[in-house]
Amino acid sequence: MPIPPRPTSNQPSLPQSIDATQAMLSDENYICDRALATLVYLALTLKRPVFLEGEAGVGKTELAKTLAKALGRDLIRLQCYEGLDAASAVYEWNFAAQMIALRAAGEGGLDEDALFSDKYLIRRPLLEAMQPHENGPPILLIDEIDRTDEPFEAFLLEALSDYQVTIPELGTIKAPEPPIVILTSNRTREVHDALKRRCLYHWVDYPSFEREFDILQARAPEASETLSREVVAFVQSLREADLFKNPGVAETIDWAKCLVALDAVALSPEVIADTLGAVLKYQDDIAKLAGSEATRILDTARARLATQ
Amino acid sequence: MIRANGILPPQGRLSRNIIYFVRTLRRAGVPVGPAQTLGAIRAVEAAGFTERRDFFFTLRACLVSRAEHLDVFERVFSMFWRDPEFIETMIQTMLPMIQTQNAPKAPKTAEQRAAEAMLEGAPPPAQPDVEDAREEVELDAEFSLSANEKLQSMDFEQMSNGEMAEAKQAIAQMRLPIKPIRNRRLTPSHSGSRIDARATLRGAMRTGGEILKLPRKTQGHRNPDLVALCDISGSMSTYSRLFMHFLHSVSLAKGQGWAQVHSFTFGTRLTNITRSLSQRDPDAALKTVGQLAKDWDGGTRIGESLADFNKNWSRRVLSRGAVVLLVTDGLERQDPEELSREARRLRLSSRQVIWLNPLMRWDGFSPQAAGIRALLPHVDSFHSCHSLNALRDLTEALSSGGSGEKQRLMAML
């Protein structure tokens, strides 16, 4: 059943230093700070899972996608939700096909091994990640782990410490080489310490002005430099205003793209009022910015730009 | 002592220093296990030891697993890797018992400032044994609190007289039952609505491929979280203390209906007291609560405190269908507009908001105060909590799911 891994000579090799890691990520338009680059380098070298925690829209999921692209590996994504169980995370039997096989076999019955064989096995993300892959060990993204419940966390603990899963009918399946595991959490609840301490932990914060500007230039190159500067300065000032939900980097990029689509060359209170929905997602926050408040924040942002 | 076989030499200064560093971290309140220490030594080896910032990030990635520990880590790091011996002096000053037995030299002013920084991240001094605590509670409180804090902090001695003790005992027996909520996870059930295909096939294998019965499964149930927001301002003083006891017994009683209990106090500012209440000994737990919340018996800023909760905590503790227990008299001194707005936001992000108000003890209570008028429309149910009987009624009301006195009071608005 296992496919022998093919020679992976044409695969990009793992970066050999922290600098190389940072360069590799920025080549794929993922601009990150030294701390995150260190973490990624360690994860690749020591083969340990990464646990990224932070507000929505700061680039946690994006890191996994970028790594998959940069290393030429397959990306396997497990989106977590409440009630996620082994049947949707690890494997499931194809019952309909098994039923038909049983009926077709008729009186003689069917051998158990034949019924519970690879042919009827549906692989879900975790099992998929434990299988050999042509492109080398895959990137396993376990997204929004805080959405599941404690029992699944405990289950994951086992899967992530030994990189193996057990299927009662088939036995234990162990990954030939551990996958690169990235877990993300929006911290809508505390994930248990036992899981966190098996991972390399990083709190992904909102970036500084310069870094966010670099990110925007990399991700939305169609926006002019003046517009990008203004957008970033405005969003940075927004995060200082007392909002219910601060806009993330994803919102900054979205907004810049919206402004480009509207042919805006610079921010003005009218343009802001028309496109605020791309940045703020709560009615209370939008109402707060109606009228003079937006103008005030725009002025603060411009003043900040002038001093830089 | 940790042996780091085959990697950095165990006698090497660096691995030894990392181990000392981990010990210091632990004393500063960052829980780090031996496995993490080993991981850190391996990681330092992998990352190389060329740049100070890389060394910092490497250790941080391995040793810190909570956002709130990042600050402590940074401070301990900058101090430790400057002068490890200095840390030893710090540890001496951090441990009150050592301090009394063997008083160290008075630190110089710069060290003093660093000491304060270190102490900010440190846990409160270790609790003495339970037997000792009963006798020495006065002495200990005096010992660990500064004069100014003691004035503002809670006066626990007053609670320890006859009637109060009885009340506390009764409260310790109390439970707060709640209806479990539907879970999305499926569990086996005889009368379930869906067929459990996996169990069916397994059953069929036993009978040579013949399906004799169809095992079923259905949606399970799980317990919701409880979030208690307790007003500890001057006007609430007696009730808030007793309610702390109530919360303590509810937080500790496992398997009685709540998945997790998060507790907060507010007067002029919001304080998360969940971790303090998780200590088993009620006296020790309430003492740390008293130290943690600095605004006992002060003024009230309900609106601002709710805003603080909505902004910084609601997304972290209310996301899984939590029930909110709001304990306040609703006597808001600030803007009722803000209170109304924040109460509405709280209602929208929680499953149910239950308001407990000790003012309800008067028969002629009517919602006149601006704060009460602002808050009342945004709660699901309204109950009194001024006596043991009222608390007992509350547990009944919660299990039957009524809205308490809300309808009657809404009619009087």
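Note on naming: letters A, B, ... go to the chains in the order of the sequence lines (proteins, then strands), and numbering restarts at 1 for each one.
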Between [options], who has the most heavy-atom pairs with chain B when the cutoff is under 4.5 Å?
{"options": "A:Asp85, A:Thr45, A:Asp193, A:Asp205", "value": "A:Asp193"}
{"options": "A:Asp149, A:Leu39, A:Thr188", "value": "A:Thr188"}
{"options": "A:Arg34, A:His202, A:Glu82, A:Lys196", "value": "A:Arg34"}
{"options": "A:Arg48, A:Glu169, A:Glu53, A:Glu150", "value": "A:Glu169"}

Does a side-chain heavy-atom distance below 4.5 Å link [X] with [Y]?
{"X": "A:Leu67", "Y": "A:Ile182", "value": "yes"}
{"X": "B:Arg185", "Y": "A:Phe152", "value": "yes"}
{"X": "A:Val40", "Y": "A:Leu63", "value": "yes"}

Residue [X] versus chain B: region with a heavy atom under 4.5 Å:
{"X": "A:Leu36", "result": "neither"}
{"X": "A:Phe244", "result": "both"}
{"X": "A:Thr148", "result": "backbone"}
{"X": "A:Ala96", "result": "neither"}
{"X": "A:Phe116", "result": "side chain"}
{"X": "A:Asn246", "result": "neither"}

Using a cut-off of under 4.5 Å for heavy-atom pairs, which of [options] has the most such pairs with chain A?
{"options": "B:Arg60, B:Gln260, B:Arg202", "answer": "B:Arg202"}
{"options": "B:Arg341, B:Gln36, B:Arg198", "answer": "B:Arg198"}
{"options": "B:Lys311, B:Arg320, B:Arg345", "answer": "B:Arg345"}

Before giving the answer on ring-ring contact (aromatic ring centres under 6.0 Å, His included), spell out for A:Tyr120 and A:Phe95 the whole-Å C-alpha distance, their side-chain angles and the decisive distance to 0.1 Å. CA-CA 8 Å; A:Tyr120 304 108; A:Phe95 299 112; over 10 Å; no

Identify the two heavy atoms, one from [X] and one from [Y], that lie closest to each other, and give their separation to 0.1 Å.
{"X": "A:Cys80", "Y": "A:Glu144", "result": "CB-O, 3.3 Å"}
{"X": "A:Thr61", "Y": "A:Leu141", "result": "CG2-CD2, 3.5 Å"}
{"X": "A:Val249", "Y": "A:Pro207", "result": "CG2-CD, 3.4 Å"}

Classify the angle between the aromatic ring planes of B:Phe73 and B:Phe56 as parallel (below 30°), tilted (30 to 60°) or perpendicular (above 60°).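 Rings of B:Phe73 and B:Phe56: tilted, as their planes differ by 30° to 60°.
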
Where does the angle between the aromatic ring planes of B:Phe55 and B:Phe77 fall among parallel (under 30°), tilted (30 to 60°) and perpendicular (over 60°)? tilted

Geometric cation-pi criterion, B:Arg315 with B:Phe309: 6.0 Å, 45°: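 Negative - B:Arg315 is either too far from the ring of B:Phe309 or too far off its axis.
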
Please classify the contact between B:Glu51 and chain A as side chain, backbone, both or neither, with a heavy-atom cut-off of under 4.5 Å. side chain

Proximity breakdown for B:Arg66 and chain A, heavy-atom pairs closer than 4.5 Å: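 Answer is both: backbone and side chain atoms of B:Arg66 are under 4.5 Å from chain A.
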
